[in-house]
Amino acid sequence: MFDYHMHSSFSADCTASMEEMIEGAIRKGLTEICFTEHIDYDYPDDTIVFDFDKKDYDRKVKELQAKYEGRLRIKKGVEIGVQPHLLGQYEALLDKETFDFIICSMHTVEKKGLHYGDIFIGKTTEEAFSAYYDELLYCVKNFKQYNILGHVDLIKRYAKERVDNDFHAVLTDIFNIIIPEGKGIELNTSGVRYGLSNGMPSDDILKLYKQCGGEIITLGSDAHNPEDIAFQFRESLELFQSIGFRYIATFENQKPTFHPISSLF
């Protein structure tokens, strides 16, 4: 089993050491993990800096890969927080740094942080959702240096009310761009931990991705502490099978390897 979205103290919102997260993964019976530490340039909160020392990160990952060889495969990933005005800055970063796996996420819309709910101020909930998906569509049209989209419907986590619009039209546009490019999406199980009825994305969006021809999918807990590693993974694998997915992906040097879901139970 593989957890392909998790953090350590290299991420500004996490205090757990890499060793603590690794030991937690081993206790959960995992065979492979990928650290996906946060880089969110221009994050709209001056009290937190989502960035880290790239050389130190590379050195630490290599050290732990050697230490835990034969017990756990450890991959070096990153979760970048895209915004339309930052795409060139991320391209420059990724041209000079090497990662096994890159998650493209959106944590900020119209330069307003989702976490604080600012995007909803002065807008209806539907207008806020539209702004979120419009920026995501812009980013996938104009940015290509990633492997999967993270928690595609993250805005649901912060909305105080539901919307009637399922936004499947714009999501179809997004999927029709990324699928031919060989990019995928994740199922991020933290949605349930934060009070949603599903992971992120919700079941209907997973089905839409499959209907659009999507096959590259990863599974991640978005854990920031050892206890949350591999949260609801068995249920997620069963969900994948019910939708028609046969494989989940892991990555090395940004190249996917496909693992039969039936072999993971």
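Positions are given from 1, in the same order as the sequence printed here.
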Between Asp42 and Lys111, is a salt bridge (charged side-chain N to carboxylate O under 4.0 Å, His left out) present by the stated rule, with each step listed?
CA-CA 8 Å; Asp42 202 15; Lys111 300 185 179 182; 5.1 Å; no
In Å and rounded to the nearest 0.5 Å, what is the CD to NZ distance from Glu97 to Lys54?
6.0 Å
Is a donor on one side and an acceptor on the other found under 3.5 Å between the side chain of Asp222 and the backbone of Ser190?
no
Asp3 and Ser221 have their tightest heavy-atom pair at OD2-OG, 2.6 Å
Joint hydrophobic cluster, Val192 plus Leu206, side-chain heavy atoms closer than 4.5 Å:
no
With a 4.5 Å cut-off on side-chain heavy atoms, are Ser105 and Val82 touching?
no
State whether the side chain of Asp203 and the backbone N or O of Asn198 hold a donor-acceptor pair below 3.5 Å, judged by distance alone.
no
Within-4.5 Å side-chain heavy-atom neighbours: Lys183 and Ile216
no
Is it the case that atom CD in Glu69 sees more than 12 heavy atoms from other parts of the structure closer than 6.0 Å?
no
Using the ring of Tyr116 (Phe, Tyr or Trp, six-membered ring only), decide whether Lys112 places NZ or CZ under 6.0 Å from its centre and within 45 degrees of its axis.
no
Should we say atom NZ of Lys123 is surrounded by more than 12 heavy atoms from elsewhere, each under 6.0 Å from it?
yes
With the side chain counted from C-beta on, respond yes when Asp13 and Phe50 share a heavy-atom pair under 4.5 Å apart, and no when they do not.
yes
Would you say Leu196 ends up clustered with Ile205 if hydrophobic residues are merged whenever their side chains have heavy atoms under 4.5 Å apart, either directly or through other cluster members?
yes
In terms of ring plane angle, is the pair Phe52 and Tyr57 parallel, tilted or perpendicular, where the classes change at 30° and 60°?
perpendicular
Is the shortest side-chain heavy-atom distance between Ile248 and Leu237 below 4.5 Å?
yes
Side-chain contact, heavy-atom cut-off 4.5 Å: Pro256 with Asn147?
no
Walk me through it: do Leu87 and Tyr138 pass the test side-chain contact (heavy atoms from CB on, under 4.5 Å)?
CA-CA 10 Å; Leu87 302 184; Tyr138 178 90; 4.0 Å; yes
Output for pair (Cys104 SG, Ile185 CD1), nearest 0.5 Å, gives 13.0 Å
Inter-residue atom distance Gln254.CD - Phe101.CZ, 0.5 Å rounding:
9.5 Å
Asp45 side-chain N/O to Thr47 backbone N/O, donor-acceptor pair under 3.5 Å:
yes
Side-chain (Tyr90) to main-chain (Gly81) donor-acceptor, under 3.5 angstrom
yes
Test item: Leu171 and Tyr209 side chains (from C-beta on) under 4.5 Å apart, heavy atoms
no
Report whether Leu187 and Met1 are members of the same hydrophobic cluster (ILVMFWY, side-chain heavy atoms less than 4.5 Å apart, transitive linking).
yes
Group every Ile, Leu, Val, Met, Phe, Trp and Tyr by side-chain heavy-atom contacts under 4.5 Å, then state whether Tyr194 and Val152 land in the same group.
no
Ignoring hydrogens, what is the shortest heavy-atom contact between Ala25 and Leu72? Give both atom names and the distance.
CB-CD2, 4.1 Å
Ignoring hydrogens, what is the shortest heavy-atom contact between Ala249 and Thr218? Give both atom names and the distance.
O-CG2, 3.5 Å
Is there a side-chain contact between Phe10 and Met18 (heavy atoms, below 4.5 Å)?
yes
Hey, does Leu94 have a side-chain heavy atom less than 4.5 Å from the side chain of Tyr146?
no
Does Glu186 reach the main-chain N or O of His151 with its side chain, forming a donor-acceptor pair under 3.5 Å?
yes
Less than 4.0 Å between a side-chain N and a carboxylate O, is that true for Glu215 and Lys210?
yes
Assess Arg234 against Phe265: is NZ or CZ under 6.0 Å from the centre of the six-membered ring, and within 45 degrees of the ring's axis?
no
Spatial distance of atom CD1 (Ile80) from atom CG (Asp51) [nearest 0.5 Å]
12.0 Å
Give a yes or no on whether the ring-centroid distance for Phe35 and His7 is below 6.0 angstrom.
no
Contact summary for Tyr41 and Gln83, nearest pair of heavy atoms
O-NE2, 3.3 Å
Report the C-alpha distance between His5 and His224 in whole Å, list the side-chain angles of each, state the deciding distance to 0.1 Å, and finish with yes or no for ring pair (Phe, Tyr, Trp, His ring centres under 6.0 Å).
CA-CA 10 Å; His5 192 147; His224 288 66; 7.7 Å; no
Does NZ in Lys144 sit with more than 12 non-hydrogen atoms of other residues, nucleotides or ligands closer than 6.0 Å?
yes
Do Thr257 and Glu252 meet the criterion of a side-chain donor-acceptor pair at a distance under 3.5 Å?
no
Using salt bridge (charged side-chain N to carboxylate O under 4.0 Å, His left out), reason through Lys55 and Asp58 one step at a time and then give a plain yes or no.
CA-CA 5 Å; Lys55 289 184 179 179; Asp58 185 69; over 6 Å; no
Is it the case that the side chain of Thr189 and the backbone of Phe231 share a donor-acceptor pair, with hydrogens and angles ignored and the cut-off at 3.5 Å?
yes
Heavy atoms of Ala230 and Leu30 approach each other most closely as CB-CD2, 4.0 Å
Over 60° means perpendicular and under 30° means parallel, so tell me whether Tyr158 and His115 are parallel, tilted or perpendicular.
perpendicular
Side-chain (Gln241) to main-chain (Glu238) donor-acceptor, under 3.5 angstrom:
no
Pairwise distance CD1(Ile22) to CD1(Ile229) - rounded to 0.5 angstrom:
9.0 Å
Lys207 vs Asp204, test: salt bridge (charged side-chain N to carboxylate O under 4.0 Å, His left out). Steps then yes/no.
CA-CA 5 Å; Lys207 293 174 183 175; Asp204 61 306; over 6 Å; no
Show the numbers, then the answer: is there a side-chain contact (heavy atoms from CB on, under 4.5 Å) between Ser8 and Glu37?
CA-CA 7 Å; Ser8 75; Glu37 309 295 1; 2.6 Å; yes
Considering all heavy atoms of both residues, which atom of Gly184 and which atom of Ile178 are nearest to each other, and what is their separation?
O-CD1, 3.8 Å
Listed once per pair and sorted, the side-chain hydrogen bond (donor to acceptor under 3.5 Å, both in side chains) pairs that draw on residues 19-32, sequence neighbours left out
Tyr4-Glu32, Ser17-Glu20, Glu19-Lys60, Glu23-Tyr68, Glu32-Arg73, Glu32-Lys75
Would you say Leu208 ends up clustered with Tyr133 if hydrophobic residues are merged whenever their side chains have heavy atoms under 4.5 Å apart, either directly or through other cluster members?
yes
Asn176 vs Asp173, side chain to side chain donor-acceptor pair (under 3.5 Å): CA-CA, chis, key distance, verdict
CA-CA 5 Å; Asn176 284 340; Asp173 290 340; 5.1 Å; no
Check the pair Phe2 / Ile33 against side-chain contact (heavy atoms from CB on, under 4.5 Å), numbers first and verdict last.
CA-CA 5 Å; Phe2 328 105; Ile33 63 171; over 6 Å; no
Between Asp153 and Lys156, is there a donor-acceptor pair closer than 3.5 Å when you use the side chain of the first and the backbone of the second?
no
Between the CG atom in Asn165 and the CD atom in Glu127, the distance rounded to the nearest 0.5 Å is 12.0 Å
Under 3.5 Å: donor-acceptor pair, side chain of Thr172, backbone of His168:
yes
